Amino acid sequence: MISLPHITAISPNRSLLHSFNRPVYTGRHDQRKERTTMSSSSTSPTTAKRVVLVRHGQSTWNEEGRIQGSSDFSVLTTKGESQADISRQMLVEDSFDVCFTSPLKRSKKTAEIIWGSREAEMIFDYDLREIDLYSFQGLLKKEGKEKFGEAFGQWQEDPANFVIDGHYPVRELWSRAGSCWNGVLAHESNSVLVVAHNAVNQALVSTAIGLGTEYFRRLLQSNCGVSVLDFIPRADGGSPHTPSSPLAGGSSGGRKASKQIILVCHGQSDNEASTNDQPMNMLGLIQSQKTAELLLDLRVTSIVCSSSTASIETAKVISQVQEAAVSLGVDSVPRYVNTKQMNELDAEDIQPGWLSQLDEETVSALWNRSEKAWESLLEDLSNTGDAMVVVDSPMAHISLIAQCLNLDKKCLGLFHLDAGSISVIDFPDGPSEKGVIRCTNYTAHLGRWSVPITRPV
């Protein structure tokens, strides 16, 4: 048997996933929703396997705002080819044994650009095609709304139960993703490149970690986004740059985010061997400055942080840079930032890798505190501007991401965040509704001061 992969990052153009033991999910789910996962009985690699998922570059129909589905009429734009080349540069030093790709033109071209001069085989797998959207395919989004009305609204708001032409597209996609994993993991290879599409890649990531169709559009990947999954057999036998900012406006089912929470992991400190509260070291100071520069793209009005020294220091740097926006020539209107400490965020700075060594009482205390913190943050977000920055330790933010996704505390080991990283949660329907994970563990802004995306496990 294999363990399900551990999510280290999901970001506009890069992400990393590592393996942990299979989580236990105890949240209640609609019985009508599919919960297809990889079949461990048919996929039992005896050695570690790395799978790199890439979404195709921008296509002509992406640019037009036309619904593509599994149709094959659109091709890469000039921008899409450029995005594919950037992903090629990100992965140029990776040794792949094989490339699986969707045969649709936009994916096939992206795969060819990334694959470059490699001589290993390319396998065209029709199961990797984009989601089948039947009568929706080829329509502009506004045409879909005009022609299908209620059905289009269901596609936007309740995709897991969306029906068209007698089909449940998302449920079919989840089932197909399971078949894809069977083929990929059964292949005799240690390092696999998979190039496909937005929805099918979401399904691949979700089914790999045991999430059902209700998580469609909750874990996003943009054009030429890269996600890395590491599958490691259980003991019982069983930093490249990216062309777009994670803060750029996005949408979920065509709905723009009305509010955002930006989770900022404080800069590096020298506390790996100590549980004492430590200030940031020189690397951490550089990381916090880089993060503050990236956040200039947003007008931040509220920063919430824990009482740890490193969190307070990082929050101060972000605030100072925001309030210097006019003198820096970024803004013509003065910015004023309200910074406050939230007691609910205070928790022992646990390193994510230590989680399996903690006793049940410590994990439960962390989880209960994060639940209260999440509720407080949502309440504050309702009464503040469009963007709230939250600064804390990686483990604290992992807990908040799990709260956002309504996961169980046993799922904390699925995620990993690095010092100085940024994770973005969008709320297309406001803080009272479901949050959408736009990216996690984004570190491209750190440049040479970040950990390479494809670092060894």
Side-chain angles (χ1 to χ4, degrees), residues 5-11 14-18 20 228 239 246 261-281 283-288 290-291 294-295 303-315 317-318 342 344-358 362-363 365-367 369-371 373-374 377 389-405 407 409 411-425 437-446 449-453 455 457:
H6 154 100
I7 301 181
T8 302
I10 300 170
S11 65
R14 68 189 204 155
S15 62
L16 210 65
L17 306 158
H18 286 298
F20 260 51
V228 182
S239 168
I261 289 180
I262 296 92
L263 303 177
V264 174
C265 289
H266 61 64
Q268 186 74 44
S269 61
D270 294 323
N271 67 343
E272 283 77 6
S274 170
T275 58
N276 296 326
D277 186 20
Q278 297 288 324
M280 289 187 289
N281 56 26
L283 174 59
L285 292 172
I286 295 173
Q287 291 172 334
S288 64
K290 292 285 187 181
T291 298
L294 178 66
L295 291 175
I303 300 176
V304 180
C305 67
S306 72
S307 62
S308 74
T309 302
S311 294
I312 293 173
E313 289 176 336
T314 300
V317 172
I318 295 171
M342 180 178 284
E344 291 86 349
L345 289 174
D346 290 337
E348 186 177 348
D349 192 1
I350 302 167
Q351 299 300 308
W354 298 353
L355 190 63
S356 61
Q357 303 174 28
L358 300 179
T362 301
V363 175
L366 171 67
W367 183 251
R369 187 178 289 274
S370 70
E371 184 176 19
W374 182 244
L377 289 172
V389 172
V390 180
V391 183
D392 207 344
S393 67
M395 195 66 241
H397 286 332
I398 287 172
S399 302
L400 293 176
I401 290 170
Q403 293 288 348
C404 173
L405 293 174
L407 299 178
K409 64 184 177 183
C411 300
L412 292 176
L414 281 173
F415 297 84
H416 172 84
L417 302 179
D418 291 311
S421 68
I422 288 177
S423 302
V424 180
I425 303 175
I437 308 298
R438 179 145 306 277
C439 73
T440 70
N441 205 35
Y442 183 89
T443 57
H445 61 292
L446 301 178
W449 310 111
S450 67
V451 178
I453 178 175
R455 67 188 186 275
V457 181

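Just so we're clear, the structure is a prediction, and the values are computed from it rather than from any experiment.
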Using every non-hydrogen atom in the two residues, find where [X] and [Y] come nearest and quote the distance to one decimal.
| X | Y | result |
| --- | --- | --- |
| Leu345 | Asp392 | O-OD2, 2.9 Å |
| Tyr442 | Cys439 | CB-SG, 4.0 Å |
| Gly420 | Thr291 | O-OG1, 3.4 Å |
| His397 | Cys265 | CD2-SG, 3.6 Å |
| Leu294 | Ile422 | CD2-CD1, 3.3 Å |
| Phe415 | Ile398 | O-CD1, 3.4 Å |

Is the shortest side-chain heavy-atom distance between [X] and [Y] below 4.5 Å?
| X | Y | value |
| --- | --- | --- |
| Leu400 | Ile425 | no |
| Leu412 | Leu366 | yes |
| Ser288 | Met280 | yes |
| Cys305 | Thr314 | no |
| Ile261 | Trp374 | yes |

Problem - Chi angles and distances behind the side-chain contact (heavy atoms from CB on, under 4.5 Å) call for Leu446, Asp418 - result: CA-CA 11 Å; Leu446 301 178; Asp418 291 311; over 6 Å; no
What distance separates [X] [atom1] from [Y] [atom2], expressed to the nearest 0.5 Å?
| X | Y | atom1 | atom2 | result |
| --- | --- | --- | --- | --- |
| His266 | Gln287 | NE2 | CD | 10.5 Å |
| His416 | Met395 | NE2 | CE | 10.5 Å |
| Ser399 | Glu371 | OG | CD | 11.5 Å |
| Ile401 | Cys411 | CD1 | SG | 13.0 Å |
| Ser306 | Asp277 | OG | CG | 8.0 Å |
| Leu263 | Leu377 | CG | CG | 8.0 Å |

Practice task
Begin from the C-alpha positions of Met342 and Val390 and carry the test side-chain contact (heavy atoms from CB on, under 4.5 Å) through to its verdict.
Solution key: CA-CA 10 Å; Met342 180 178 284; Val390 180; over 6 Å; no
